[in-house]
Amino acid sequence: MAMTLQLQRGLHNFKLQGNNLESSSTMVMNYNGSIKRTRAEPDQEQEAVIFKKPRVEGSKPERSVMPYQELSPNYESETRLKMVSGSFYLPKENELRPQGEDAHFICAQENTIGVADGVGGWANKGIDSGLYARELMMNSVMAVHNQHKTSSGVINPRKVLEEAFSNTKNIQGSSTACIVTLNKDVLHYANVGDSGFMLFRNNKCLFRSSTQQHRFNCPFQLGNAPRSDDPSSATGLPVRVISGDVIVLGTDGLLDNMFGREMEQVLEDKTEEGDVDPEMLAGIIAELALYNSFDRFNPSPFSVAAKKAGVKHVGGKVDDITVIVAAIMEES
């Protein structure tokens, strides 16, 4: 199978003027310099690999915001669904690291998406953890393709993360990671750290993945340092989905700056029944998260978590922001 590899350069120069956010447009550039959109459907042979920055939140268990029924271990289904995904990336402004420290990918045919967030604390030692995050996601794409060829098309996100982790050597730094895949009508995921996703149905948050941290603002993280974590730390549950569901996957730059109820409002305002534009939604959500990150007064998920940890912090948290929105649809 031919593979088109894309490198996405997101916004690296944004500023807030009054109540208006000014930014240049995001584009995805292929190696030949052509511009491509980040919307990806399973009948297209395209992947998007992207870029990263630092930390946060609190360790919370997987939880259902609305009543949610766990799957039986013997559950089987013949319902075949697909994910149609779009992404948006806003790296934190940094002249020395314009790509930021986030990374992500979309494997459209394999119904698999992933994000990584290089840990910003390494910058104090002169290390760009974005290099680790990007290599981890690049190796994840290769692992997805390897599994697709050898496992009857069924992707195991934990094994993807294990293979990617084992192949990301001789690079300093560390990164969180969350990989989500769809098999028929069941989501499977592997999450290490404080990136994660929410599942929305009828514009209401039905499920949210867990976050993991050793202490406040210090998430579990994959890396080659002696005290780094490894993929055995990953959490993950099978989550049943139906056509019309929407997944919002992001790094902590999103999850630290937007509550689930704010994403519910975006979905309510910007979607119509059966008509979801993942790329548009990803852009809107990312820019709202960016706006919130500059707000020094309103409560944010990060400020709420800080208060619980006994840390004084008011307002949002400026960080790289990666958002992938995936619409669950019936296979045509």
Side-chain angles (χ1 to χ4, degrees), residues 7-14 49-59 89-105 114-140 161-179 190-196 211-234 250-257 290 293-294 302-303 305-306 309-313 316-322:
L7 296 179
Q8 175 165 328
R9 287 293 299 276
L11 305 183
H12 58 83
N13 183 19
F14 50 80
V49 177
I50 300 79
F51 304 124
K52 150 116 214 167
K53 190 219 154 289
R55 230 72 337 271
V56 313
E57 242 223 336
S59 291
Y89 177 44
L90 297 170
K92 180 180 176 181
E93 188 170 12
N94 186 328
E95 292 182 358
L96 298 178
R97 298 183 177 91
Q99 294 176 344
E101 295 165 322
D102 277 4
H104 77 266
F105 72 86
V115 299
D117 177 12
V119 176
W122 286 98
N124 296 329
K125 298 183 179 181
I127 296 170
D128 180 4
S129 61
L131 295 174
Y132 185 91
R134 292 191 285 276
E135 186 72 13
L136 183 68
M137 291 292 94
M138 186 80 73
N139 288 330
S140 295
L161 199 55
E162 289 173 352
E163 181 178 335
F165 174 75
S166 66
N167 289 329
T168 308
K169 300 297 183 183
N170 302 317
I171 298 179
Q172 293 180 301
S174 58
S175 174
T176 68
C178 185
I179 297 175
N191 187 39
V192 176
D194 55 6
S195 295
T211 58
Q212 300 171 303
Q213 62 176 4
H214 296 288
R215 59 185 183 277
F216 175 71
N217 213 23
C218 181
F220 283 37
Q221 52 204 262
L222 302 174
N224 297 314
R227 298 182 64 181
S228 294
D229 302 290
D230 60 51
S232 66
S233 302
T251 53
D252 65 342
L254 167 67
L255 301 176
D256 286 341
N257 288 302
L290 176 64
S293 74
F294 284 114
F302 183 76
S303 67
V311 176
K312 185 176 180 181
H313 181 94
K317 178 177 182 288
V318 177
D319 201 349
D320 297 335
I321 298 169
T322 296

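In this structure, CG in Asp230 is found 11.0 Å from CG in Asn224, a value given to the nearest 0.5 Å. The structure places CG of Leu161 at 6.0 Å from CG of Leu136, a figure rounded to the nearest 0.5 Å. The structure places CG of Asp252 at 6.5 Å from OG1 of Thr176, a figure rounded to the nearest 0.5 Å. Atom CG of Asp128 is separated from atom CD of Gln99 by 8.0 Å, given to the nearest 0.5 angstrom. Taken to the nearest 0.5 Å, the CG atom of Asp229 stands 9.0 Å off from the CZ atom of Phe165. Residue Leu222 holds its CG atom at 8.5 Å from OG of Ser174, rounded to the nearest 0.5 Å.
Scanning all heavy atoms of the two residues, the minimum distance from Ala103 to Ala133 falls at CB-O, 3.6 Å. Looking at every heavy atom in both residues, Phe220 comes nearest to Ser233 through CD2-CB, 3.8 Å. Between Ser228 and Gly223, the shortest heavy-atom contact is CB-O, 3.5 Å. Minimum interatomic distance between Pro219 and Gly193 (heavy atoms only, all atoms of both residues): CB-CA, 4.1 Å. Nearest approach of His104 to Thr322, heavy atoms of both residues: ND1-CG2, 3.5 Å. Counting all heavy atoms, side chain and backbone alike, Asn167 lies closest to Asn139 at O-ND2, 3.3 Å.
By the neighbour-count criterion of 12 heavy atoms within 6.0 Å, atom CD of Glu162 is densely surrounded, having more than that number from other residues, nucleotides or ligands. Around NZ of Lys169, the count of heavy atoms belonging to other residues, nucleotides or ligands within 6.0 Å exceeds 12.
With hydrogens and angles ignored, the 3.5 Å screen pairs a side-chain donor or acceptor of Asn257 with a backbone N or O of Lys317. Judged purely by atom type and a 3.5 angstrom limit, Ser129 uses its side chain to pair as donor or acceptor with the backbone of Val119. The backbone N or O of Asn217 sits nowhere less than 3.5 Å from a side-chain atom of His214 that would complete a donor-acceptor pair.
For Ile171, the side chain to side chain contact (heavy atoms under 4.5 Å, CB included) partners two or more places apart in sequence, or in a different chain, are Leu131, Tyr132, Glu135, Thr168.
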Practice problem: Starting from the C-alpha separation in whole Å, work towards a yes-or-no answer on side-chain contact (heavy atoms from CB on, under 4.5 Å) for Cys218 and Gln213. | Solution: CA-CA 6 Å; Cys218 181; Gln213 62 176 4; 5.7 Å; no
Exercise. Dump the intermediate steps for side-chain contact (heavy atoms from CB on, under 4.5 Å) on Glu93 and Val318, then the final yes or no.
Key: CA-CA 10 Å; Glu93 188 170 12; Val318 177; over 6 Å; no
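Using the six-membered ring where Trp is involved, Phe302 and Phe216 have ring planes that are tilted, between 30° and 60° apart.
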